Amino acid sequence: MAEKRSIIHVEGGYPLSGHVTVEGAKNSALKLMAATLMAPGVTTLTNVPDNSDVHTMGKVLSKLGARITVCDAHTLQIDTSDVKSWVTPYELVVKMRASTAVLGPLLARFGKAVVGMPGGCKIGARKVDMHMMGLSALGVDFQIGHGNIHASAPGGLKGCSVTLEFPSVGATENLLMAGALAHGKTVIDNAACEPEIVDLATMLNEMGASITGAGTPVIEIEGVRELSPVTHGVIGDRIEAGTFVAAAGLVGDPVRVHGFNPDHLGLVLKKYEAMGISIKRIEDGLLVFREGSLLPTSIQTLPFPGFPTDLQAQTMVLLALAEGDSVVTENIFENRFMMAAELNRMGAHIRIEGHHALIQGVAGFSGAPVEGPDLRAGAALVLAGLVADGYTDVSGVEYIHRGYERFTDKLRGLGAHVEEIEVE
Ligand code: UD1
């Protein structure tokens, strides 16, 4: 019997209008869930997005002994009282690299952790050397064996100063969590400044931690003896919001995007305005539409507050239709231009040279079957389908489910002709 798989089927040519509300930030929720391990008891997280990465983190925590109660679609109660294991198997880490976020919390709670060693993924090698370098400075010994990272802090975690080689989001988060329960003071220099780091530090402080400077390159943490469970709301997802802003920039008539803090998209909005997209602030979000042509521009991805790599593919779709030439430079992941070849199959003119994409704007796309190579690129190809001539079938839907809740429903709510269907 032929195997079934899902695709997203898009009929292009219908304008979008109305309003859409984004969910809580996936990249924040995953780390907040991991941090509950550090406060034995019941932590309640609200505004948690219902996507497959969150489900995977739920499995990681359950495997460790946590009990998770789904109170409603977006509220989780995580009871970490009986967590007794410190072992996260490779099967879960390979499914979702962010499972490594339990490393710091497990070390803080048990003084030891075994976590599957993540391999590379499609968008790049994605090493964990900076996580390990930072934690080593806090007194953690590492052994790599049989595909696992074995970490232990025999003398306990000891605060110290760590300078990161690069402001890695994941390394900053692991250090933030480990430092919160270390003896003495930890300073993270060249820390990542992403809003999700601020959300994590905010919840840890609500739990009783003493962290200052989150959101700046220097974070100072005075270690405390224990943390207590709290109720915390996840911040809105700036990347989901940016994806809908991009969609509205393509065919918005207008679209209101709610449920997030527009300050988290600062540079993105400036670039989009330079591309001819009209953006107005409204309460709790933005109103987006476009009257004239799309204009070319250049973007380069950088750590926050630079242009986010997670919006690079969606923006490339806009630039591929701009009146002129643009350059996109990817500085975060070494293999994040896989979508360009698929977009070229729809009529785009994009040439990749190293970490630059040279884009010659075209008048339109023609619908085609395409393969979404990763989470954001998959969503970007759906956006391309919205303005393509005819039908576009996007495969790789399982990636889209990792980070977007009800993506096709939300687009349909705005008037798009799009549906997820099973094919053989
Ligand atoms: C997080 C986000 C991801 C986003 C990325 C950059 C989550 C779950 N994911 O990923 O959506 O695209 O930030 O904003 O929050 N690196 C090393 N060694 C390390 C750590 C990182 O070489 O120890 C490299 C990575 O391979 C990558 C770059 O540093 O090239 C940035 O990675 P990092 O900021 O750590 O991203 P993630 O935390 O993995």
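In each ligand, atom 1 is the first atom listed, and ligand 1 is the first ligand listed. Nothing here was measured: the structure is a model prediction, and the numbers come from that model.
Under a 4.0 Å heavy-atom criterion, M133 is not in contact with ligand 1. Residue R97 places a heavy atom under 4.0 Å from ligand 1.
If you look at F304 next to ligand 1, there are no close heavy atoms at all, none under 4.0 Å. Under 4.0 angstrom from ligand 1, the non-hydrogen atoms of V169 come from both its backbone and its side chain.
Between T172, D129, D53, it is D129 that holds the heavy atom closest to atom 18 (N) of ligand 1. When R336, K31, E196, M132 are ranked by how near their heavy atoms come to atom 15 (O) of ligand 1, first place goes to K31. Here the shortest heavy-atom distance to atom 20 (C) of ligand 1, taken over E194, E334, E330, K127, belongs to K127.
Looking only at side-chain heavy atoms (C-beta outward), E419 and T408 stay at 4.5 Å or farther from each other.
Polar contact check, A171 against ligand 1: no nitrogen or oxygen pair lies under 3.5 Å apart. Note: no N/O pair closer than 3.5 Å links E173 and ligand 1 by distance alone.
The closest side-chain donor-acceptor pair between T243 and Q314 falls under 3.5 angstrom. For Q300 and H355, the side-chain atoms include no donor-acceptor pair closer than 3.5 Å. For the 3.5 Å distance criterion, the side chains of D50 and H74 fail to qualify, holding no donor opposite an acceptor. E422 and S6 are not linked by any side-chain donor-acceptor pair at a separation below 3.5 angstrom, with hydrogens and angles left out of the test.
Shown are T212, D189, N190, T163; of these, the side chain to side chain contact (heavy atoms under 4.5 Å, CB included) with V218 is made only by D189. Evaluated for a side chain to side chain donor-acceptor pair (under 3.5 Å) with E196, the options K31, H264, R238 yield exactly one hit, R238.
Each of the following atoms of ligand 1 lies closer than 4.0 Å to a heavy atom of D310: 3 (C), 4 (C), 11 (O), 12 (O). Ligand 1 places these atoms under 4.0 Å from at least one heavy atom of I332: 27 (C), 28 (C), 30 (O), 31 (C). Per-residue contacts place V128 under 4.0 angstrom from the following atoms of ligand 1 (heavy atoms of the residue considered): 19 (C), 23 (O). Near A98, with a cut-off below 4.0 Å to any heavy atom, the atoms of ligand 1 are 8 (C). Within the listing of ligand 1, atoms 35 (O), 38 (O) sit less than 4.0 angstrom from a heavy atom of G170. Under a 4.0 Å criterion applied to the non-hydrogen atoms of T309, ligand 1 contributes the atoms 6 (C), 12 (O).
R5 and E398 are not joined by a salt bridge, as no carboxylate oxygen comes within less than 4.0 angstrom of a charged side-chain nitrogen. Salt bridge annotation for E240-K26: absent, with no cationic side-chain nitrogen under 4.0 angstrom from a carboxylate oxygen.
Remark: R281 CZ is packed, more than 12 non-hydrogen atoms of other residues, nucleotides or ligands lying under 6.0 Å away.
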